Structure formats: structure tokens, C-alpha cells
Amino acid sequence: RAGAAFQYLLVQKTGAQKNVGLIQLNRPQALNALCEGLMAELRRALDAMESDPEVGAIILTGSQKAFAAGADIKEMQNKTFQECYNSGFLAGWDKVSVVRKPIIAAVNGYAVSVPHISLHPLSPPWHPLTHLPSLSQLGGGCELAMMCDIIYAGEKAQFGQPEILLGTIPGAGGTQRLTRAVGKSLAMEMVLTGDRISA
């Protein structure tokens, strides 16, 4: 069990043969908002899982209330565009999309940005969103989910790209991934209105 090495994650190997890596976002007081520290830890955990020959697949999840409520706005609210650009603010966010082992996002609660996708019932509480390769949650959380290879969405999952409500547009590949996942019309509606959709 590697969970003790992380402040914002719970990390372990699970399954009958301990061959499934489980990474749980663990920042409940902020609804798992994606701060720089959490994203650095996520990159470290993914590197460890990818290099572990015993791990065949990785599950990325949050809590019942929120997969990830998006980027940590409090952390970035006082930064100018130039500060964000020069510091590589979103650098490394795409680590999830380049891991060679399959990553499954298990989403319940907020994860804003998942489209009109057919759900196939499995054993509760998860249902797969099968129109992949990627989808996401609310803002950064939705983008994080969309970077995964498969998304299982619980009945309470909500997806959206609400950045427009802050006067900006989705970063971290949200506009491109969302369009591929749900089509241009629904993606435009979600990005330009900030509206959420349910699983």
C-alpha cells in the first residue's frame, strides 16, 4: 500500500491478484479540486503504476460527492495569463492520456463535461460511458475524466465545462476532447453556456 506517501491521493493495488492500480483523489474539503500538489502527486502515482509490471490496469476515482470539481480556482485566481503561461500552469495535466496502461475513470458526483453517450447497465452503481477514448467532469475534472480510456459514470455523475462562467474557456484539451466525444453541437452548447449534463 503506497497511500501514505501522498497528501492528496489514496493509492493501492487491488483485485484478487493485486494487479489493478487504484488511485483515489482525496481532497474532500475542496471536492477534489485539482491543485498543483494533487496533479504532481497524480503524475507520480501514474508513473509508479505504469512502471509496475504487476499492474495491468488503473482505476482513477474520487468520492461519492465529487470525482473532481475542476481546477482549484482559489489557487489560480490571482495569477495573470502571463504568470500561468510562463510557469507552465497546465504542464503535465495530460499525463493521464499518455499512460500506456488502460485507465478507467470511475465517476460519481461532479466531473463536469460528459456528453450524450449511451449507458450500458452494469452492476450498480457504475455504468460505462462507451463512446471513448475520452471524456471528463466539471471543468478540469471533466477534462481529467476525458483523458481516461474508459469512463464509468454513477447515477449521480454530472459533467460540464463551466469555464465560460468565469470568463474563460476550457484548458487542458477540454474543447478538443469534448468535441470528439459528444459532437460539435453538444460540445458548443456545453462550452458556451456552462450547462452540465448528467450521466
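Not measured: the values here are computed from a predicted model.
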**Q** Regarding Asp52 and Lys13, does a basic nitrogen lie under 4.0 Å from an acidic carboxylate oxygen?
**A** yes
**Q** If you compare all heavy atoms of Arg177 against all heavy atoms of Ser97, which two are closest, and at what distance to 0.1 Å?
**A** NH2-OG, 3.4 Å
**Q** Step by step, work out the side chain to side chain contact (heavy atoms under 4.5 Å, CB included) result for Leu25 and Leu144.
**A** CA-CA 11 Å; Leu25 307 180; Leu144 181 62; 4.2 Å; yes
**Q** Would you check if the side chain of Gln12 reaches a backbone N or O of Ile23 as a donor-acceptor pair within less than 3.5 Å?
**A** no
**Q** Spell out, as yes or no, whether a donor-acceptor pair under 3.5 Å connects the side chain of Lys101 to the backbone of Val55.
**A** yes
**Q** Using every non-hydrogen atom in the two residues, find where Cys148 and Val96 come nearest and quote the distance to one decimal.
**A** SG-CG1, 3.8 Å
**Q** Can you find a pair of side-chain heavy atoms, one from Met49 and one from Val11, that are under 4.5 Å apart?
**A** yes
**Q** Between Gln64 and Asn108, do the side chains contain an N or O donor and an N or O acceptor separated by less than 3.5 Å?
**A** yes
**Q** Is there side-chain contact between Met190 and Asp195, with heavy atoms separated by less than 4.5 Å?
**A** no
**Q** Calculate, to the nearest 0.5 Å, the distance between atoms CG and CG belonging to Leu10 and Asn26 respectively.
**A** 4.0 Å
**Q** Using a 3.5 Å distance criterion without hydrogens, assess whether the side chain of Arg27 forms a donor-acceptor pair with backbone atoms of Ala33.
**A** yes
**Q** Would you mind reporting whether Ile104 and Ile151 have side-chain heavy atoms less than 4.5 Å apart?
**A** no
**Q** Is there a side chain to side chain contact (heavy atoms under 4.5 Å, CB included) between Leu186 and Thr179? Walk through the geometry before answering.
**A** CA-CA 8 Å; Leu186 184 54; Thr179 301; over 6 Å; no
**Q** Taking Gly62's backbone N and O only, do any of them form a donor-acceptor pair with Gln24's side chain (distance below 3.5 Å, no angle check)?
**A** yes
**Q** Do the side chains of Tyr8 and Asn32 get nearer than 4.5 Å, heavy atoms only?
**A** no
**Q** If we only count heavy atoms from C-beta on, is the Ile58 to Val20 side-chain gap below 4.5 Å?
**A** no
**Q** Over all heavy atoms of both residues, which pair between Phe67 and Gly141 is shortest? Give the atoms and the distance, please.
**A** CE2-O, 3.6 Å
**Q** Using 0.5 Å steps for rounding, measure from the CG atom of Leu46 to the CZ atom of Arg100.
**A** 12.5 Å
**Q** In the structure I gave you, are the side-chain heavy atoms of Asn19 and Thr14 within less than 4.5 Å of one another anywhere?
**A** no
**Q** Going by an N to O cut-off under 4.0 Å, is there a salt bridge joining Glu50 and Lys95?
**A** yes
**Q** Considering only heavy atoms from C-beta outward, does the side chain of Ile103 approach that of Ile150 to under 4.5 Å?
**A** no
**Q** Do Phe159 and Val107 have side chains that get closer than 4.5 Å, going by heavy atoms?
**A** yes
**Q** Where do Thr61 and Tyr152 land on the side chain to side chain contact (heavy atoms under 4.5 Å, CB included) test, with the steps shown first?
**A** CA-CA 10 Å; Thr61 191; Tyr152 280 85; over 6 Å; no
